[in-house]
Visitor: 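Okay, here's the structure, questions in a sec.
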Amino acid sequence: KLRSRRCTQTFPWTERLRHRACQPTNKAPERGLLATRSRVRSGMNHGIKLIQTVKRRMTTEDKKAPSRTTEQASKGKLAASSSTKANTMKPTAESSTFIALPKLREAPPGERADLFRKKMEVCSVIFDFHNESNQKEKEAKRQTLLEIVEYVNNTRNCFNEALMHDVVSMVGANIFRALQTRNKDLLAFSDPEDDEPSLERAWPHLQIVYEFFLRFVVSNDVDPKIAKRFVDQNFMLKLLELFDSEDPRERDYLKTILHRIYGKFMALRSFIRRAIQHVFFKVIYECETHNGVGELLEILGSIINGFALPLKDEHKDFLIKALIPLHKVKSLASFYQQLSYCMAQYVEKDPRLAYDIITSMLRYWPVSITSKQVLFLNELEETLELTQPSEFHRMQDVLFRRLALCITCPHFQVAERTLFFWNNDYIVKLINSNRQDLFPIIIGALYKNSKQHWNSAVHGLTFNVLKLLMEADPQLFDECSAKHRADEEEESRREQAREQKWATLAEMHKKKIGDK
């Protein structure tokens, strides 16, 4: 009984994100798909069932194999269909027909390597899935792809140096293509998680190709010192471009493959980090929309976790120049959790970086977008939990002036989320240890909330926080309250004086008009 050997990487975040990225949708376009697509469209994990049914399908096809008299007709049909499509290599007369090639398991052991190469050559033929033509050829290619996946599963030393070029060429011919794009209105009020993704029509072939390439990357037969001649920098740049695909199933495969390449090909690690940094620069300063930022951040979260201490300047620059500015992007909600995890990984590696992260977030604070303010407050609390008292003391004034503004925010979710900071014991401990500086900043905002805020839940939380502050230091609380009342009275006097001046000016204006 065949079993899939696909090696998947478990990333340390919520199962909900992975579930959404890996599961297919029931709203895939029907036009141009095979009748058997339902067996393939069920997502990444469906690869196991594909491999398990290969033997049964191959046995059935052996019984229904066309006679030799029909081979020429099949060759002519495939040649006619492939002549209008883009091929990376022009198949020879012997390899232009899938059915003409014998099964790998039936070929003599000495001929299997050459037959394996021929099957990869014919699989480089690309079909157009936007129309329903060439259905038999498409199905024949799918069966051939399944056959070579089964072959590499059950054959040792199948990826020798002579075949590596053919493997990479076949994979590149199938996956490297122009991606489908949709014109999105950046000003439209829509939740990115609610938008239905545009699924790839050629997925019945692409899924098996990705499965095949994943087995190539993780195979113990592949020596990275030799394979790096074929899986080179140019190949990696093209692979990273595919992360902008709208199909979450494809991005999930790409995420796993790229992470495996990073772990196996040591010589490519620095280049991969720089290439990912370039993708982030493009998102920050040019397009602001990219479908694969979340997946790239997932890979980075695992990479950052493996950084050696002390952190190199190169890794700190990556944080300052590429990761922190991602908070400015309008589509932050689509990759917020992965970005927050990367921030936490950096702070765990070097707590001193908490100062750079928090002060940069305060500079990028979304003053007018309340939904992003809530995301910032969530990440701010997570970062403060990892912040050392010495770093907290450096930024406490500017931080709590921003929190005071959030407390008095008319949007109840922002005010409520800020007041929840006092449910965190570590943050309360930091506040109380610096209460001489922080109480005067916070108490005024709390008193203003208690008198003016419209939301009853915010009122209740405000009084609870006032009670906590009073219990922490009653004498300081009374001093701050008295100072707040004095400031309010002074503000009232200034307001009355201002109104009196305007009234005097109005009277002078009326008198001047009357004299004329």
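The structure presented is a predicted model; accordingly, all values stated were derived computationally and were not measured.
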Visitor: If you count every heavy atom of other residues, nucleotides or ligands that lies below 6.0 Å from K316 atom NZ, does the total exceed 12?
Guide: yes

Visitor: Indicate whether any N or O donor in one side chain lies under 3.5 Å from an N or O acceptor in the other, for Q345 and Y341.
Guide: yes

Visitor: Could you label the plane-to-plane angle of the F281 and Y285 rings as parallel, tilted or perpendicular, counting under 30° as parallel and over 60° as perpendicular?
Guide: tilted

Visitor: Does atom CH2 (W454) have a neighbourhood of more than 12 heavy atoms from anything else shown, all under 6.0 Å?
Guide: yes

Visitor: How far does NE2 of H459 sit from NZ of K451, to the nearest 0.5 angstrom?
Guide: 12.0 Å

Visitor: Just verifying a value: how many Å separate H259 NE2 and T256 OG1, rounded to the nearest 0.5 Å?
Guide: 9.0 Å

Visitor: Do any N or O atoms from the side chain of D247 and from the backbone of L199 form a donor-acceptor pair under 3.5 angstrom?
Guide: no

Visitor: So, for T418 and C406, which heavy atoms are closest and what is the spacing to 0.1 Å?
Guide: OG1-CB, 3.2 Å

Visitor: Say you draw a straight line from CG of N432 to CZ of F439; how long is it, rounded to the nearest 0.5 Å?
Guide: 5.0 Å

Visitor: Any idea which heavy atoms bring F271 and M236 closest together, and the distance?
Guide: CE2-CB, 4.1 Å

Visitor: Using a 3.5 Å distance criterion without hydrogens, assess whether the side chain of S433 forms a donor-acceptor pair with backbone atoms of L430.
Guide: yes

Visitor: Between the side chain of R251 and the main-chain N/O of E246, is any donor-acceptor distance below 3.5 Å?
Guide: yes

Visitor: Take a 6.0 Å sphere around CD of E495 and say whether it holds more than 12 heavy atoms from other residues, nucleotides or ligands.
Guide: yes

Visitor: If you look at every heavy atom in H453 and A415, which pair is closest and at what distance?
Guide: NE2-CB, 4.0 Å

Visitor: Does K328 make a cation-pi contact with Y364, if we ask for NZ or CZ under 6.0 Å from the ring centre and within 45° of the axis?
Guide: yes

Visitor: Please determine if R177 and E250 form a salt bridge, counting it only when a charged side-chain N lies under 4.0 Å from a carboxylate O.
Guide: yes

Visitor: Looking at G263 and M266, what are the two nearest heavy atoms and their distance?
Guide: O-SD, 4.4 Å

Visitor: Under the criterion salt bridge (charged side-chain N to carboxylate O under 4.0 Å, His left out), I'd like the reasoning laid out for E211 against R215: C-alpha separation, chi angles, the key distance, then a yes or no.
Guide: CA-CA 6 Å; E211 194 76 29; R215 281 160 171 72; 2.4 Å; yes

Visitor: To the nearest 0.5 Å, what is the distance between CG (L446) and CG (L469)?
Guide: 6.0 Å

Visitor: Can we say R485 and E488 salt-bridge, meaning some charged N sits less than 4.0 Å from an Asp/Glu carboxylate O?
Guide: no

Visitor: List the steps, then state whether side-chain hydrogen bond (donor to acceptor under 3.5 Å, both in side chains) holds for R274 with S270.
Guide: CA-CA 6 Å; R274 292 197 305 271; S270 178; 2.8 Å; yes

Visitor: Is R249 paired with E200 through a side-chain N to carboxylate O contact shorter than 4.0 Å?
Guide: no

Visitor: Taking the six-membered ring for Trp, is the centroid-to-centroid distance between F265 and F235 below 6.0 Å?
Guide: no

Visitor: Strictly by modelled atom types, are D437 and N434 linked by a side-chain donor-acceptor pair under 3.5 Å?
Guide: no

Visitor: Side chain of K349, backbone of L311: donor and acceptor closer than 3.5 Å?
Guide: no

Visitor: If you round to the nearest 0.5 Å, how far is CD of E382 from CG of N424?
Guide: 10.5 Å

Visitor: If every non-hydrogen atom of D356 is compared with every non-hydrogen atom of I324, which pair is closest and at what distance?
Guide: O-CD1, 4.1 Å

Visitor: Does the plane of the ring in F129 sit parallel, tilted or perpendicular to the ring in H205? Use 30° and 60° as the thresholds.
Guide: perpendicular

Visitor: How are the rings of W203 and Y210 set to each other: parallel, tilted or perpendicular (split at 30° and 60°)?
Guide: tilted

Visitor: With a 3.5 Å distance limit and no angle check, can you tell me whether Y426 reaches the backbone of T387 through a side-chain donor-acceptor pair?
Guide: yes

Visitor: For the CG atom of L145 and the CG atom of N174, what is their distance to the nearest 0.5 Å?
Guide: 6.5 Å

Visitor: Quick one: does Q373's side chain have a donor or acceptor within less than 3.5 Å of a partner on P366's backbone?
Guide: yes

Visitor: Considering all heavy atoms of both residues, which atom of A354 and which atom of T383 are nearest to each other, and what is their separation?
Guide: CB-CG2, 4.3 Å

Visitor: Taking only Lys NZ, Arg NE, NH1 and NH2, and the carboxylate oxygens of Asp or Glu, determine whether K483 and E479 approach each other closer than 4.0 Å.
Guide: no

Visitor: Quick one, K238 with E241, criterion salt bridge (charged side-chain N to carboxylate O under 4.0 Å, His left out). Give me CA distance, side-chain angles, the key distance, then yes/no.
Guide: CA-CA 5 Å; K238 294 179 180 179; E241 290 178 358; over 6 Å; no

Visitor: For the pair S450 (side chain) and Y447 (backbone), establish whether a donor and an acceptor sit closer than 3.5 Å, ignoring hydrogens and angles.
Guide: yes

